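Right, one structure below, let's go through it.
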Amino acid sequence: QVKLQESGGGSVQAGGSLRLSCTISGYTYSTYCMGWFRQAPGKEHEGVALIDNEGKTNYADSVKGRFTISKDNAKNTLYLQMNSLKPEDTDMYYCAIDSGCLNGLNRFNWYGMDYWGKGILVTISS
């Protein structure tokens with residue numbers, strides 16, 4: 001059974017930083033895209049960043065230059081380093097896996113992912 005668990009969320013002031021972690025268990029496939037999505041109340045899930053099994057990445061325009069996605073295969077953990085945070089980054093953040101990377105690295109497709117975490121809240125105050 002594949003499980004994804006986010007951690008590292010919380011509240012910071014604008015301009016600050018947070019690092020989200022996603023601990024993955026039970027996933028054994030070697031080809032994948034993993035990533036982060038976020039969702040504000042009443043809105044659709046928005047793609048934030050993706051990384052594939054080769055380490056190639058893709059970012060939403062709204063976070064380019066501020067957020068960095070990475071993974072530690074030895075720890076089975078996916079990260080999202082968020083710097084220069086803005087109030088509009090306030091959202092629930094979710095990690096997810098596209099097994100086989102069937103959606104491709106350049107397409108953020110929440111409903112096309114195969115596994116999802118439960119989400120963690122990030123709040124940025126002005």
Side-chain angles (χ1 to χ4, degrees):
Q1 184 179 4
V2 179
K3 292 185 179 180
L4 286 67
Q5 179 65 59
E6 299 94 344
S7 61
S11 299
V12 297
Q13 289 190 325
S17 298
L18 281 174
R19 187 176 79 159
L20 302 183
S21 299
C22 174
T23 302
I24 301 164
S25 60
Y27 187 79
T28 59
Y29 298 101
S30 58
T31 302
Y32 53 79
C33 281
M34 296 181 177
W36 294 91
F37 291 77
R38 63 188 182 185
Q39 186 186 33
K43 293 189 175 181
E44 291 289 330
H45 289 88
E46 174 191 11
V48 176
L50 291 171
I51 187 167
D52 70 9
N53 51 282
E54 296 179 351
K56 292 179 289 187
T57 59
N58 182 38
Y59 296 92
D61 288 342
S62 58
V63 306
K64 280 181 182 176
R66 300 189 298 122
F67 290 11
T68 302
I69 188 171
S70 63
K71 58 187 175 72
D72 185 328
N73 293 330
K75 294 182 178 180
N76 292 321
T77 302
L78 180 70
Y79 300 101
L80 185 68
Q81 178 67 44
M82 305 186 293
N83 299 328
S84 302
L85 284 161
K86 305 175 181 180
E88 51 264 42
D89 293 318
T90 295
D91 273 328
M92 284 291 291
Y93 283 73
Y94 302 84
C95 57
I97 298 175
D98 172 6
S99 185
C101 199
L102 300 181
N103 293 292
L105 188 62
N106 295 321
R107 182 185 178 203
F108 294 105
N109 182 4
W110 169 256
Y111 296 104
M113 308 304 274
D114 298 298
Y115 306 100
W116 302 264
K118 294 183 178 181
I120 194 162
L121 182 62
V122 171
T123 304
I124 312 303
S125 58
S126 58

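Everything numeric here is computed off the predicted structure, so don't read it as measured data.
- Here the shortest heavy-atom pairing between L121 and D91 reads CD1-O, 3.6 Å.
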Walk me through it: do S62 and E46 pass the test side-chain contact (heavy atoms from CB on, under 4.5 Å)?
CA-CA 10 Å; S62 58; E46 174 191 11; 3.5 Å; yes
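- Considering all non-hydrogen atoms of both residues, Y93 and L20 come closest at CB-CD1, 3.6 Å.
- The shortest non-hydrogen separation linking L18 to G10 is CD1-O, 4.0 Å.
- For the pairing with S11, the side chain to side chain contact (heavy atoms under 4.5 Å, CB included) check across T123, V122, T90 returns one residue only, T123.
- Looking at K64 and D61, a side-chain N of the basic residue comes within less than 4.0 Å of a carboxylate O on the acidic one, giving a salt bridge.
- Considering CE of M34 and NZ of K71, their distance stands at 7.0 Å, rounded to 0.5 Å.
- To the nearest 0.5 Å, atom SG of residue C22 and atom CD1 of residue I97 are 6.5 Å apart.
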Assess the residue pair M113 and F37 against the criterion (side-chain contact (heavy atoms from CB on, under 4.5 Å)); give the C-alpha distance rounded to whole Å, side-chain angles, the decisive distance to 0.1 Å, and a yes or no.
CA-CA 11 Å; M113 308 304 274; F37 291 77; 3.9 Å; yes
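- A 4.5 Å side-chain heavy-atom check between T57 and L50 finds every atom pair outside the cut-off.
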What's the verdict on side-chain contact (heavy atoms from CB on, under 4.5 Å) for C101 and Y32, showing C-alpha distance, side-chain angles and the deciding distance?
CA-CA 5 Å; C101 199; Y32 53 79; 5.8 Å; no
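- Exactly one residue among F108, Y94, W116 makes a ring-ring contact (aromatic ring centres under 6.0 Å, His included) with H45. That residue is Y94.
- Residue E88 places its CD atom among more than 12 non-hydrogen atoms of other residues, nucleotides or ligands, all under 6.0 Å distant.
- Grouping the Ile, Leu, Val, Met, Phe, Trp and Tyr side chains by contacts below 4.5 angstrom, directly or via other members, places L102 apart from I51.
- Using a 4.5 Å heavy-atom threshold, the side chains of R19 and Y79 count as touching.
- Contact detail for I24 and L4: the closest heavy-atom pair is CG1-CG, 4.2 Å.
- When all heavy atoms of S17 and S84 are compared, the pair lying nearest together is OG-N, 4.4 Å.
- With S99 as the fixed residue, the side-chain hydrogen bond (donor to acceptor under 3.5 Å, both in side chains) test singles out one of Y27, Y29, Y115: Y27.
- Put simply, the side chain of D98 never gets that close to the backbone of C33: no donor and acceptor are under 3.5 Å apart.
- Nearest heavy atoms, Y59 versus T68: OH-CA, 3.4 Å.
- Between V63 and R38, the closest side-chain pair of non-hydrogen atoms falls below 4.5 Å.
- Atom-to-atom distance recorded for C95:SG and E6:CD is 4.0 Å, nearest 0.5 angstrom.
- No single ILVMFWY cluster, assembled from side-chain heavy atoms under 4.5 Å apart, contains both M92 and L80.
- The cluster map of Ile, Leu, Val, Met, Phe, Trp and Tyr, joined by side-chain heavy atoms under 4.5 Å apart, puts Y111 and L105 in the same cluster.
- With salt bridges taken as basic N to acidic carboxylate O contacts below 4.0 Å, one links R66 and D89.
- Note: L78 CG to S21 OG = 8.5 Å, rounded to the nearest 0.5 Å.
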